[in-house]
> 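My questions all concern the structure below.
In what follows, every chain begins at residue 1, and chains take the letters A, B, ... in the order their sequences are listed. In this text the structure is predicted, and so the values were computed from the model without any measurement.
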Amino acid sequence: MNITVDEMEKMTGAMSSAELASERHSRTTVGDFTAADPRMTCRNVDVWYGSKQAINGVSLDIGKNEVVSMIGPSGCGKSTFLRCLNRMNDTIDGCRVTGSIQLDGQEIYDKSLDPVPLRAQVGMVFQKPNPFPKSIYENVAYGPRIHGLTNSKAELDELVESSLEKAGLWKEVKDRLDQPGTGLSGGQQQRLCIARTIAVSPEVILMDEPCSALDPIATAIIEELIDELRANYSIAIVTHSMQQAARVSQRTAYFHLGDLIEVGETNQIFTNPQHRLTEDYITGRFG
Amino acid sequence: MSKPTLNAPQAPVRRTIDIVNASLKRRHAQERRFRRIGAIAVALGLAFVVLLFADIVGKGYTAFQQTYLQLPIELSAEKIDPAGTREPETLSTADYMAPIRAALRQQFPEVTERRELRQLYSMVSVGAPQFLREQVMENPDLIGTTQEVWVLADDDIDMLVKGQIDRHAPEESRRVNDRMLGWVEHLEEQGRIEKRFNTIFFTQGTSREPELAGIAGALMGSFYTLLLTLILSFPIGVGAALYLEEFAPKNRWTDLIEVNVNNLAAVPSIVFGLLGLAVFIGFFGAPRSTPLVAALVMTLMTLPTIIIASRVALKSVPPSIREAALGVGASPLQTQFHHVLPLALPGMLTGAIIGMARALGETAPLLMIGMIAFIVDIPSGFTDAATVLPVQIFLWADSPERGFVERTSAAIIVLLAFLFLMNLVAVLLRRRFERRW
């Protein structure tokens with residue numbers, strides 16, 4: 001196969017492959033992975049990059065109007081898992097997903113399902129702010145335009161305004177909508193990306209370390225925004241900051257080497273972790 | 001930490017810095033040497049470029065002027081239009097050489113012997129009557145009057161006036177004999193010889209006579225060839241690059257295709273000419289010596305260049321842009337056309353123009369498909385027999401007449417000017433379309 005042992009080790013965060021093999025198929029998730037009112041349900045999800053397994057039998061629900069955070073050391077598969085939820089992994093050669101992932105009861109890896117409308121329903125915000133090299137207006141208007149969500153220019157204007165408003169950016173950019181989105185500061189760019197995601201009114205928003213490239217003030221603004229967005233959307237967020245997970249999420253999932261070790265109420269995970277690995281990670285002894 | 005360990009690192013630090021200082025001089029010397037070698041290389045390269053340009057321009061600039069003789073020409077009505085109808089057909093078939101010769105005899109009445117007369121007549125170009133005819137056809141009122149007309153001089157006279165033939169050289173080693181030199185000097189004294197801007201060079205096709213030869217035919221041939229090459233190769237090249245880079249699965253077949261595309265870019269151009277001869281002319285029966293076949297061959301030749309440049313341009317577009325577009329639900333094709341292509345376009349255009357510049361300067365494959373034919377007419381379409389600039393240069397460089405030497409250089413100047421222009425356009429397009437993200 002096309003992935004070498006070196007690459008494998010890079011992916012798994014410098015764990016030796018022998019250690020990896022010995023730990024495979026040995027873990028069951030501690031805690032309740034279901035949500036009371038699930039929007040997305042994942043059952044026994046395996047992800048393979050070529051011959052290497054990156055995710056090992058993960059089951060997790062994402063409930064309505066809740067923020068689920070995923071934490072864990074580098075290379076534990078949390079980002080990989082997140083990218084499965086809107087089939088972003090399709091773009092990676094040799095990536096294979098098995099198991100069941102459902103959005104509102106619909107199997108998203110079904111052969112007949114088109115990933116294009118799926119990604120309109122499950123939006124994504126990336127680690128590095130990635131606005132299009134176009135104007136601020138065009139950035140937000142792009143999604144609605146390709147999906148034909150609005151019928152007139154006035155409607156589109158309104159949608160752009162409300163999306164920017166929801167992302168907390170409207171006041172800062174309303175006078176310069178025709179200027180390039182890439183000219184904004186890092187935090188503003190990330191909020192622009194959130195506005196762009198909201199503009200197509202998704203049901204679930206996936207955030208892949210949205211604050212890792214931002215300073216504390218910008219981070220605080222985004223965190224506040226996430227809390228507000230919870231009222232209308234389901235949010236899954238991957239983060240490296242345990243404080244951030246504790247601040248924004250209702251439930252927290254701890255990943256370790258492709259396994260989902262523990263899921264639970266955020267409070268409980270951070271105050272009373274059940275699994276030794278979770279405790280080690282949270283107390284900073286490992287990771 | 002305890003106190004001894006705090007002081008302990010002091011000693012090794014000093015030692016390290018000593019070693020660093022000791023090697024510093026050598027390292028700086030290395031750097032200076034490298035810089036000097038680089039500067040010398042650049043200077044040397046520039047010197048050769050300047051030398052080349054100076055040589056070509058020095059030899060070629062005189063071709064932009066052409067010598068004319070002023071003669072009082074009697075356009076008698078009986079000779080040109082005896083019936084007096086002024087019909088275009090009569091006017092165009094009339095003998096215009098006779099009045100020019102009469103005017104020459106009138107200038108030098110002492111010349112009567114046949115051999116001398118023939119030399120006298122050879123002072124004007126064989127194409128001179130044609131230009132006189134055009135003047136008369138344009139303005140028939142000239143008939144019946146005597147006009148001071150500037151008549152195109154023969155290439156030997158042209159060379160003599162421009163100083164390319166040494167007047168002080170012994171007669172036997174000079175193409176123009178003493179008698180003719182005397183006539184030229186006589187005309188010069190009377191102010192009847194003048195160098196004028198050489199419009200013939202830019203408006204006429206090639207000719208056996210240097211003074212009548214122009215590059216218009218070759219320029220049009222090059223224009224049609226390049227236009228069709230661009231129309232064919234750019235969309236195909238960009239499409240192929242887009243498919244290979246963004247859509248095709250990465251497997252053994254695409255690897256094979258990639259290796260072959262890279263190899264094709266290095267195939268000697270004459271091989272493409274052979275292929276064109278065998279396939280386009282031999283198998284498909286396309287008309288030979290035409291811009292159509294030339295463009296097909298050039299397309300095959302430039303496609304690898306364009307594909308490689310386009311793939312590099314596509315690779316340089318950050319993947320985050322693709323993810324962003326896919327993330328809001330754009331289809332893969334929309335992602336490519338709305339976001340990736342606009343960002344990759346400057347690189348693609350640069351590649352295309354570099355490919356076009358190479359096609360403009362290409363000679364060898366065109367020889368194989370018959371573009372080397374001697375074609376006087378200016379082509380007016382893709383299926384007219386034509387030649388192209390570099391082939392024209394090749395043909396003229398092969399001609400023995402002194403007049404073709406300066407015309408060869410002049411044609412090279414024109415070719416270089418076009419290449420320079422194309423590269424300038426490539427740079428400007430790059431600047432214009434370049435966006436930051």
> Taking A:Gln127, A:Gln121, A:Arg196 one by one, which has the highest count of heavy-atom pairs under 4.5 Å against chain B?
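It is A:Arg196.
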
> So, are A:Glu161 and A:Lys174 salt-bridged, with charged N and O less than 4.0 Å apart?
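No, no charged N to carboxylate O under 4.0 Å.
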
> Looking only at the side chains, is there a donor atom on one of A:Glu138 and A:Ser135 sitting less than 3.5 Å from an acceptor on the other?
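No pair is found: no donor N or O on one side chain lies under 3.5 Å from an acceptor on the other.
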
> Check this for me, if you would: do A:Arg39 and A:Asp104 make a salt bridge, where the nitrogen-to-carboxylate-oxygen distance has to be below 4.0 angstrom?
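Yes, A:Arg39 and A:Asp104 are salt-bridged.
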
> Taking the six-membered ring of A:Tyr109 as reference, does the NZ or CZ atom of A:Arg87 fall below 6.0 Å from its centre and within a 45° cone about the axis?
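Ring-cation test returns yes.
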
> Under the ring-ring contact (aromatic ring centres under 6.0 Å, His included) criterion, do B:His338 and A:Phe132 qualify, and how do the steps go?
CA-CA 10 Å; B:His338 295 169; A:Phe132 299 130; 9.5 Å; no

> Taking A:Lys128 first and then A:Glu209, would you say they form a salt bridge - that is, a charged N and a carboxylate O separated by under 4.0 Å?
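Salt bridge flag = no for A:Glu209 with A:Lys128.
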
> Given that the side chain runs from C-beta out, which part of A:Arg83 has a heavy atom under 4.5 Å from chain B: side chain, backbone, both or neither?
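Contact with chain B: side chain only.
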
> When you check the gap from the basic side-chain N to the acidic O, do A:Glu172 and A:Arg191 get nearer than 4.0 Å?
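Salt bridge flag = yes for A:Arg191 with A:Glu172.
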
> Could you list which of residues 146-160 of chain A have a heavy atom closer than 4.5 Å to any heavy atom of chain B, in residue-number order?
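Within residues 146-160 of chain A, the residues that come under 4.5 Å of chain B (heavy atoms only) are A:Ile146, A:His147.
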
